[in-house]
Amino acid sequence: MNQALEIYNTLSRKKEVFKPINAPFVGLYVCGPTVYSDVHLGNCRTFISFDLVYRYLIHLGYKVRYVRNITDAGHLEGDRDEGDDKFAKKAKLEQLEPMEIVQRYTLGFRHIMAEFNALPPSIEPTATGHIVEQIEMTKKLIDNGYGYEVNGTVYFDVDKYAKEQDYGILTNRKLDDLLDNSRELNGQDEKKGRLDFALWIKAKPEHIMRWPSPWGEGFPGWHIECSAMSKKYLGNTFDIHGGGMDLAATHHTNEIAQSQGCNHTHPVNFWMHANMLTVNGVRMSKSAGNGFLPGELFTGNHPLLQKGYSPMAVRFFMMQTHYRSTLDFSNEALQASEKGFAKLMSAMETLNSLKHSPKSSVNCAELSKNCYAAMNDDFNSPVVIANLFEGVRIINSVHAGTETLTEQDIQLLKKLFNDFVIDILGLKTEKSETSSTALKEVMQVILDIRADAKNKKDFATSDKIRDELLKHNITIKDTKEGTIWTL
RNA sequence: GGUCUCGUGGCCGAGCGGUUAGGCAGAGGUCUGCAAAACCUUGUACAGCGGUUCAAAUCCGCUCGAGACCUCCA
């Protein structure tokens with residue numbers, strides 16, 4: 001690895017060499033889910049993308065503090081600081097405490113992420129656990145002149161902020177354009193400017209989730225939690241902030257304004273945004289109703305799905321697309337990935353039984369170099385995979401006897417595959433129904449009978465055994481080293 | 001309307017000035033009793049039209065088409 005890691009920075013709209021503020025430490029913040037319903041598959045793609053980032057940074061030797069929040073309060077139905085609280089609404093619907101909703105979907109979320117083999121973050125702070133920090137930040141913003149209170153609700157003064165700073169810096173938007181495209185204030189509005197957003201919201205009498213504050217009982221606005229928690233755990237300026245692309249224009253723009261307004265410094269060096277997941281070319285979204293849940297994807301229990309796809313096959317599918325490209329789900333694409341993934345993992349197994357030769361007929365060092373070059377180029381996992389498949393070809397060729405490898409090169413390949421497939425891409429072999437010893441013994445008996453039949457040229461019997469077993473998803477392969485079976 | 005992406009062979013998907021991306025599917029071959037797996041060989045690809053250049057999928061302009069954000073979503 002002789003070149004540096006380059007990361008595409010949304011802020012500058014180009015790739016920049018990654019330099020941590022305080023190496024070997026790296027601060028990484030990713031906007032987490034709002035836990036009022038089952039995790040959306042699109043969320044999963046974002047978190048899996050950042051899992052790749054996290055894993056690669058660790059692989060490079062950085063000490064990463066990865067913070068991903070859980071939004072369990074303060075997220076309203078509309079972003080106009082009105083409408084129902086999402087948790088309260090769902091709680092009412094299911095006749096539960098809001099915190100029961102939070103608990104249920106937090107556990108569900110963690111379960112799904114574990115299925116995808118995503119490493120848990122170092123810290124997973126909740127909004128409700130950081131009310132004090134959010135109030136403090138709001139106070140500071142008022143003190144600094146960027147916040148104002150109206151009837152128990154505190155707003156951020158975008159107009160004032162925009163006079164001193166570039167409010168639309170992240171998405172390259174001009175204030176006038178933003179104003180042109182935002183809704184007119186009507187007589188009922190409390191805010192001064194139409195771009196102003198709430199830092200703290202006064203609780204209506206019926207509101208269950210509420211906390212005392214200098215402005216009366218209420219709850220925090222959505223954007224302030226990320227500013228408050230990233231500041232608390234990563235400091236006023238940290239290395240990388242990630243999230244889905246849809247968050248850039250509003251949520252992250254406001255986050256920057258809040259942090260800048262509070263700390264007088266831009267909070268983040270590298271802004272990274274993962275692209276959307278689409279179905280038939282259209283963004284999969286909660287409101288469009290064109291999506292399926294991760295669980296449905298695994299079981300295939302959805303009209304859009306022909307069959308179920310395992311978490312690892314899906315993860316591999318995601319890794320075959322760059323995180324900044326949209327990823328389109330289709331059965332055809334999923335099935336292609338499923339087979340490719342199986343091929344990759346089976347080659348990894350073959351690698352363990354490879355015989356070495358006095359000299360190598362292929363260049364393995366080149367492969368390793370290419371893999372690092374790809375990752376260093378803004379985490380280009382598709383190119384990593386292309387190179388790994390060159391490795392697969394080599395492994396299978398050596399196994400077939402058409403290429404040779406030295407003992408040293410075999411070790412190098414083992415390390416390469418372990419580093420990239422397991423550690424960095426985060427893929428793992430899927431255990432097929434932990435075959436019991438009893439099953440193994442039975443299979444051995446059956447295979448012995450079949451071998452006898454074959455020796456006697458009784459192919460009717462041997463083929464019958466093979467065909468019948470296949471019906472029960474047991475595949476038989478006759479290799480030079482004998483017959484093997486897989487479930 | 002504004003701010004941006006993107007249009008690559010049957011499908012998915014990299015590349016972003018000169019060299020085979022890769023996977024899946026298809027075709028032919030080797031191996032096998034037959035399969036399976038594997039290996040070898042194999043593809044009229046770069047939306048269209050102009051321009052820059054010795055050289056363009058890759059840069060510039062226009063046209064057509066798709067999508068995202070600007071309104072809750074990662």
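Chain A is the first sequence line, chain B the second, and so forth, proteins listed ahead of strands; every chain is numbered from 1.
Between A:Asn43 and the phosphate of B:A74, there is a side-chain N or O to OP1/OP2 separation shorter than 4.0 Å. Considering only side-chain N and O atoms, A:Asn172 lies under 4.0 angstrom from the phosphate OP1 or OP2 of B:C4.
Out of B:C70, B:A35, B:A74, the shortest distance to the side chain of A:Asp478 is found at B:A35. Distances from the side chain of A:Trp222 to the nucleotides B:A37, B:C73, B:C34 place B:C73 closest. Closest approach to the A:Arg466 side chain among B:G33, B:C70, B:A36 is made by B:G33 (side chain taken as heavy atoms from C-beta onward). Here B:C39 is the nucleotide among B:G33, B:C39, B:C70 with the atom lying nearest to any side-chain atom of A:Ala400.
Evaluation of the side-chain contact (heavy atoms from CB on, under 4.5 Å) rule for A:Thr171 yields A:Arg173, A:Ala248, A:Ala249, A:Thr253 as partners, not counting sequence neighbours. Checked against side-chain contact (heavy atoms from CB on, under 4.5 Å), A:Thr126 has the following partners two or more places apart in sequence or in another chain: A:Ile70, A:Asp72, A:Thr128. Take A:Lys414 and apply the salt bridge (Lys or Arg N to Asp or Glu O under 4.0 Å) test, not counting sequence neighbours, and it matches no residue.
B:A74 atom C1' lies 11 Å from atom NE2 of A:His241, rounded to whole Å. In this entry the distance linking CG of A:Leu344 with P of B:A38 reads 12 Å, nearest Å. When the P atom of B:U3 is taken as reference, atom CG of A:Asp166 falls 15 Å away, rounded to whole Å.
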When Watson-Crick pairs (N1 to N3 and N6-O4 or O6-N4) and G-U wobble pairs (N1-O2 and O6-N3) count only below 3.5 Å on both distances, what is the dot-bracket string of RNA chain B, with | for other-strand pairs? (((((((..(((.....[...))).(((((.......)))))....(((((..]....))))))))))))....

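In this pair, A:Phe459 lays its aromatic ring flat on the base of B:G33, centres within 5.5 Å and planes under 30 degrees apart.
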At under 4.0 Å between heavy atoms, which parts of nucleotides 12-25 of chain B does protein reach? Answer with one letter per nucleotide, 5' to 3': B base, S sugar-phosphate only, - none. SSSS-----BSBSS

With a cut-off of 3.5 Å and sequence neighbours excluded, list every side-chain donor-acceptor pair involving residues 41-50 of chain A.
{"from": "A:Arg45", "atom 1": "NH2", "to": "A:Met276", "atom 2": "O", "distance (Å)": "3.4"}
{"from": "A:Arg45", "atom 1": "NH2", "to": "A:Ser325", "atom 2": "O", "distance (Å)": "2.2"}
{"from": "A:Ser49", "atom 1": "OG", "to": "A:Arg45", "atom 2": "O", "distance (Å)": "2.9"}

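Results of the side-chain hydrogen bond (donor to acceptor under 3.5 Å, both in side chains) test with A:Tyr323 over A:Asn275, A:Asp378, A:Asn380 single out A:Asp378 as the only residue that passes.
Nearest heavy-atom pair across A:Thr429 and A:Met345 is N-CE, 3.5 Å.
With P as the reference atom, B:G67 and B:A35 are 47 Å apart, rounded to whole Å. Nucleotides B:U19 and B:G33 are separated by 46 Å at their C1' atoms, to the nearest Å.
In this structure, OH in A:Tyr105 is found 12.5 Å from CD1 in A:Ile112, a value given to the nearest 0.5 Å.
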CA sep, side-chain torsions, deciding dist, call: A:Ser381, A:Tyr56, side-chain contact (heavy atoms from CB on, under 4.5 Å): CA-CA 11 Å; A:Ser381 55; A:Tyr56 189 56; over 6 Å; no

